[in-house]
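Because only heavy atoms are used, hydrogens play no part in the values below, and waters and symmetry mates are left out as well, while side chains stay in. We're numbering straight along the sequence, starting at 1. All figures in this text were calculated on a predicted structure; none of them were measured in a lab.
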Amino acid sequence: MDENCLAYGIEISDSDWEKTPASIKQLVEKMGQHIKQSEKRLAELEVKYQELLEKINCTSKNSSIPPSSDPLHAEKKPEKKKSGKKRGGQPGHKGHSRFLYDVSECSSVLDHHPKTCSCCGEILLGEDANPYRHQIVEIPPINPIIVEHRLHQIECQQCGRLTRARLPQDVHPSGYGVRVVALVTVLSGLYRHSQRMVQSAMVDVFGISMSLGTVNNLRLEASNAVESAVESAKIYVQNSRVVGADETSFAQGNVDGCNHKNSQGWLWVAVTPLVTFFEIALSRCSDAARNLLGENFSGILNSDRYAAYNWVGLEQRQLCWAHLKREFIKISERPGVSAELGTALVKQLELLFELWHRVRDGTLKRCEFQLLVEPIRNSIKSSLQEAADYEIGFKEKTPLAKTVRTCRQILKLEPALWLFVMLDGVEPTNNAAERAIRPAVIWRRTSFGSQTQAGSHFVQRMLTVVTTLKSQRRNVLEFLTQAISAKRQGQPTPSLLPQVPAE
């Protein structure tokens, strides 16, 4: 009997098959080949359909795209039920009044006394020991201080040579004071305005006219002024106990010839509680990560599973559970076995974070937390191992194959999932680095990256300065003013490192 007949449930005896005409046999064989090809094609289309379905259902919950990129059909949070209370502060709520400046900061203090009683009209005398305070804050018209230096040129009566006077050493040849340079830098580096918008703001707000070339020159002067402070911040971060790291694309052009290969630029960030360092590199490989963290990095690295960080030992790594959560949700949304595995992983992850929130709130001791995490860890490892044990083809692209590959990758890094359980000061997520890099993403979207290496240096240094000073609650404008002044006078640059209070 022909195998095509057996495969498709056609019962025919060997003797009848021998009597079948050759033309019919050829037709059956062709039909069998056609059916096999159709089944193969159908399987390929099913895989393609699942891939497209996964892309369509891609949201911020199951991938790394931001919430702003969620499609319109993305699941929204259920609306809260109306409480029936009136809008605004509720009875018993501690109100917040307007901020009042200290009396010593007021330009003038005017006292107003009522002359007569609002009830009976009697003349009122005396003073109120605690009068109601109402302040008016105003900005006076801003007029720039312009100092003109006249350099006279005089002819020598002896030889006839003309000699012109020179500018004093404390007068910068750029024609702009340190505070003007700092303002241009703040508008560009803190508020991320374009050079044309900075030019417009300097005219409209401060009455100072300057060309676009001058705006760029002043930005570069500020960038050079903070260079040493930023390098010190890099060394501080590299020697910190716990560092969060992340990276995002940031294009760099080739106007100056420093990117002749037109390589994709990447903005790297290394975060500690009080100092954050940014660096733009034309690579996303391990060498760039080593340069960011230091060749001899001995701290604890909090990051995602990107392979560029694999040179750091597993005993020094804490993988981000927020990234893992998205992976587990993605797995749970696939059909078949993947859905069961993903659902089990998501459930255990939720149990883990319920316990972690109690540790963070102080309602659960860390020693108890460590004991309660053990069964969760075993369950997660068991689910990952179950998925990893499935046999798949080398180039197989089915949903199950994707799940198996993801679980195998996570299983290799499994010891790096649990460092936060044992050590204080280690977070289970890399949210700090992602929050730090968000302003850079906005800058990238509005500027389309930088055009030169000097422009990239300006971006990375300003991001380092602004983010670090904000975490330390220090004034950005004042720091830049001091840094530019110190650079012009040949003095040491003020430090970005945490200031130790004097004893």
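Within 6.0 Å of NE2 in His260 there are 12 or fewer heavy atoms belonging to other residues, nucleotides or ligands. Counting heavy-atom neighbours within 6.0 Å of Asn296 CG, excluding the residue itself, gives a total of 12 or less. In Lys234, the NZ atom is crowded: over 12 heavy atoms of neighbouring residues, nucleotides or ligands sit closer than 6.0 Å. Annotation for Glu105: atom CD counts as buried by contact number, over 12 foreign heavy atoms lying within 6.0 Å. Heavy-atom neighbours of Tyr306 OH from other residues, nucleotides or ligands within 6.0 Å: above the threshold of 12.
Note that CD1 of Ile300 and OG of Ser240 are 11.5 Å apart. Values are rounded to the nearest 0.5 Å. To the nearest 0.5 angstrom, Asn291 atom CG is 4.5 Å from Glu279 atom CD. Between the CG atom of Asp287 and the CG atom of Leu292 there is a distance of 12.5 Å, given to the nearest 0.5 Å.
No side-chain heavy atom of Thr185 sits under 4.5 Å from any side-chain heavy atom of Arg461. Using a 4.5 Å heavy-atom threshold, the side chains of Val243 and Phe297 count as touching. With a 4.5 Å cut-off on side-chain heavy atoms, Arg444 and Ser249 count as touching. Looking only at side-chain heavy atoms (C-beta outward), Met202 and Ser209 stay at 4.5 Å or farther from each other. The shortest side-chain heavy-atom distance between Phe206 and Val184 does not fall under the 4.5 Å cut-off. Counting only heavy atoms from C-beta outward, the side chains of Gln370 and Met422 approach each other to under 4.5 Å. Side chains of Trp266 and Ile280 form no contact here, defined as non-hydrogen atoms less than 4.5 Å apart. The shortest side-chain heavy-atom distance between Val271 and Phe277 does not fall under the 4.5 Å cut-off.
Side chain to side chain, Glu231 and Tyr236 fail the donor-acceptor criterion of an N or O pair below 3.5 Å. Remark: the Ser211 side chain and the Thr214 side chain contain an N/O donor-acceptor pair separated by less than 3.5 Å.
Glu414 meets the salt bridge (charged side-chain N to carboxylate O under 4.0 Å, His left out) test with Arg377; sequence neighbours excluded. A search for side-chain hydrogen bond (donor to acceptor under 3.5 Å, both in side chains) contacts involving Thr493 returns Ser228, not counting sequence neighbours. Taking Arg290 as the reference, Glu295 meet the side-chain hydrogen bond (donor to acceptor under 3.5 Å, both in side chains) condition, with sequence neighbours excluded. For Thr429, the side-chain hydrogen bond (donor to acceptor under 3.5 Å, both in side chains) test picks out Asn431, with sequence neighbours left out.
Checked by atom type and distance alone, the side chain of Ser338 never pairs as donor or acceptor with a backbone atom of Arg334 at under 3.5 Å. Panel note: side chain Gln199, backbone Met210; a donor-acceptor pair is recorded below 3.5 Å.
When all heavy atoms are compared, the tightest approach of Gly342 to Ser332 is C-CB, 3.6 Å. Nearest heavy-atom pair, Leu419 versus Gln316, reported as atom, atom and distance to 0.1 Å: CD2-C, 4.2 Å. Considering every non-hydrogen atom in both Gln472 and Val275, the closest pair reads NE2-CG2, 3.9 Å.
The aromatic rings of Tyr101 and Phe99 sit perpendicular to each other, their planes meeting at more than 60°, with 30° as the lower class boundary. Under the 30°/60° scheme for interplanar angles, the aromatic rings of Phe420 and Phe369 are found to be tilted.
Glu327 and Lys402 are not joined by a salt bridge, as no carboxylate oxygen comes within less than 4.0 angstrom of a charged side-chain nitrogen.
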Distance-only criterion, 3.5 Å: show the donor-acceptor pairs between side-chain atoms of residues 188-197 and protein atoms not counting sequence neighbours.
residue: Ser188; atom: OG; partner: Arg219; partner atom: NH1; Å: 2.6
residue: Ser194; atom: OG; partner: Met197; partner atom: N; Å: 3.2

When the side chains of residues 349-365 are checked against the rest of the protein, which donor-acceptor pairs come out under 3.5 Å, sequence neighbours left out?
residue: His357; atom: ND1; partner: Phe353; partner atom: O; Å: 3.1
residue: Thr363; atom: OG1; partner: Arg358; partner atom: O; Å: 3.1

(message) Could you walk me through whether Glu148 and Arg150 satisfy the salt bridge (charged side-chain N to carboxylate O under 4.0 Å, His left out) test, starting with their C-alpha distance in whole Å, then the side-chain angles of each, then the deciding distance to 0.1 Å, before giving a yes or no?
(response) CA-CA 6 Å; Glu148 181 176 324; Arg150 297 186 175 184; 2.9 Å; yes
